[in-house]
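Every value quoted in this text rests on a predicted model; they were computed, and no experiment measured them.
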Amino acid sequence: DIARYSKLISPKDTGHNEHREARLIERCPPGHEGKRLVDEPAIILDASGAIIAWYLPDALTDTTQKEIKEATDLLAPSLEKSVRADGNWRTNQRLFNRGSEDVGATPRCINLSPAWFQQGHENVSDPEVSASLKGPSCENILKAIARPAAIASAALRVMHPEQYWAGLRTLSNLGNIAVSKDLPQMPEALQYWASVFNTLS
């Protein structure tokens, strides 16, 4: 029962305390013994019938993965500047391993959003387009991620329809606010924003 299990765990549970893990398994035993190989699309249910995981092998085709890689290449300049020696917990370079050339992009941390709240800035009440989308390549970046973002949105429409419709309402409201308040760059960013989520990290 995932609801019962979630009440028993806390952020302090790292999975490394064997005694604690044994007690959790005793209180919330798995639904079957041993491990089971799943090699086709499936959903995993808890004891109450709630869906706790969707397994969709090959949902992202080679073509889609190539599109994601190309979009990541467009973000390279922003990614390179995203971590610093004195960065916070999200951007400190000590927390990122160097990637190798054959693995892909070096791990970095940026946020893409057509409506980002500028935390730490005084007297800013309205959201702004995130810094990574304020440059001249904004339209190209958003067009490059459009199809993968639409795929993720379609998955959410099936998996969590309430969150999907809430996201659409939020983006619609943001569009109205952006136009009525004449917020810089936001209407243009929203025009090409294909995700039902308002931030991609």
[atom1]/[X] to [atom2]/[Y] distance, rounded to the nearest 0.5 angstrom?
X	Y	atom1	atom2	answer
Cys138	Leu133	SG	CG	4.5 Å
Ile51	Ile44	CD1	CD1	10.5 Å
Leu79	Ile110	CG	CD1	4.5 Å
Leu8	Cys28	CG	SG	5.0 Å

Just list the side-chain donor-acceptor pairs under 3.5 Å for residues 140-147, sequence neighbours left out, or say none.
| from | atom 1 | to | atom 2 | distance (Å) |
| --- | --- | --- | --- | --- |
| Lys143 | NZ | Glu139 | OE2 | 2.7 |
| Arg147 | NE | Glu67 | OE1 | 3.0 |
| Arg147 | NE | Glu67 | OE2 | 3.1 |
| Arg147 | NH2 | Thr64 | OG1 | 2.6 |

Is there any side chain to side chain donor-acceptor pair (under 3.5 Å) pair reaching into residues 10-29, and which pairs are they, with sequence neighbours excluded?
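Non-adjacent pairs meeting side chain to side chain donor-acceptor pair (under 3.5 Å): Asp13-Arg20.
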Donor-acceptor contacts, no H, no angles, side chain residues 155-173, under 3.5 Å, sequence neighbours left out:
| from | atom 1 | to | atom 2 | distance (Å) |
| --- | --- | --- | --- | --- |
| His160 | ND1 | Gln163 | N | 3.2 |
| Thr170 | OG1 | Ala166 | O | 2.9 |
| Asn173 | ND2 | Arg169 | O | 3.3 |

Which atom pair, heavy atoms only, marks the closest approach of [X] to [Y]?
X	Y	value
Val129	Pro184	CG2-O, 4.1 Å
Met186	Pro114	CG-O, 3.1 Å
Ala178	Leu190	CB-CD1, 4.5 Å
Pro127	Leu174	CG-CD2, 4.3 Å

Please enumerate all residues that pass side chain to side chain contact (heavy atoms under 4.5 Å, CB included) together with [X], with sequence neighbours excluded.
X	result
Ser195	Ala149, Ser153, Trp193, Phe197, Leu200
Pro57	Pro41, Tyr55
Glu70	Lys66

Can you name the salt bridge (charged side-chain N to carboxylate O under 4.0 Å, His left out) partners of Asp46, sequence neighbours left out?
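Residues passing salt bridge (charged side-chain N to carboxylate O under 4.0 Å, His left out) with Asp46: none at all.
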Is there a continuous path of hydrophobic side-chain contacts, each under 4.5 Å between heavy atoms, that joins Val196 to Trp116?
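Shared cluster, no.
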Are Ile43 and Leu56 connected into the same hydrophobic cluster when the rule is that any two of I, L, V, M, F, W, Y join if their side-chain heavy atoms are below 4.5 Å apart?
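Yes, Leu56 connects to Ile43 through the hydrophobic network.
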Hydrophobic clusters join Ile, Leu, Val, Met, Phe, Trp and Tyr when side-chain heavy atoms are under 4.5 Å apart, directly or via other members; which others share one with Ile25?
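Taking Ile, Leu, Val, Met, Phe, Trp and Tyr as members, Ile25 stands alone, with no cluster partners.
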Suppose clustering is done on Ile, Leu, Val, Met, Phe, Trp and Tyr with side-chain heavy atoms closer than 4.5 Å. Which residues sit in the same group as Ile151?
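Cluster partners of Ile151: Leu60, Ile68.
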Checking Ser201 now: which residues fulfil side chain to side chain donor-acceptor pair (under 3.5 Å) with it, not counting sequence neighbours?
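Testing Ser201 for side chain to side chain donor-acceptor pair (under 3.5 Å), a comparison that skips the adjacent residues, returns Asn111.
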Salt bridge (Lys or Arg N to Asp or Glu O under 4.0 Å) contacts touching residues 177-195 (sequence neighbours left out)
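Counting only pairs at least two positions apart or across chains, the salt bridge (Lys or Arg N to Asp or Glu O under 4.0 Å) contacts touching residues 177-195 are Asp126-Lys181.
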Over 12 foreign heavy atoms within 6.0 Å of CG, Asn176:
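Atom CG in Asn176 is crowded, with more than 12 foreign heavy atoms closer than 6.0 Å.
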For the side chain of Ser130 and the backbone of Ser113, is there at least one donor-acceptor N/O pair under 3.5 Å apart?
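Yes, Ser130 side chain to Ser113 backbone: donor-acceptor pair under 3.5 Å.
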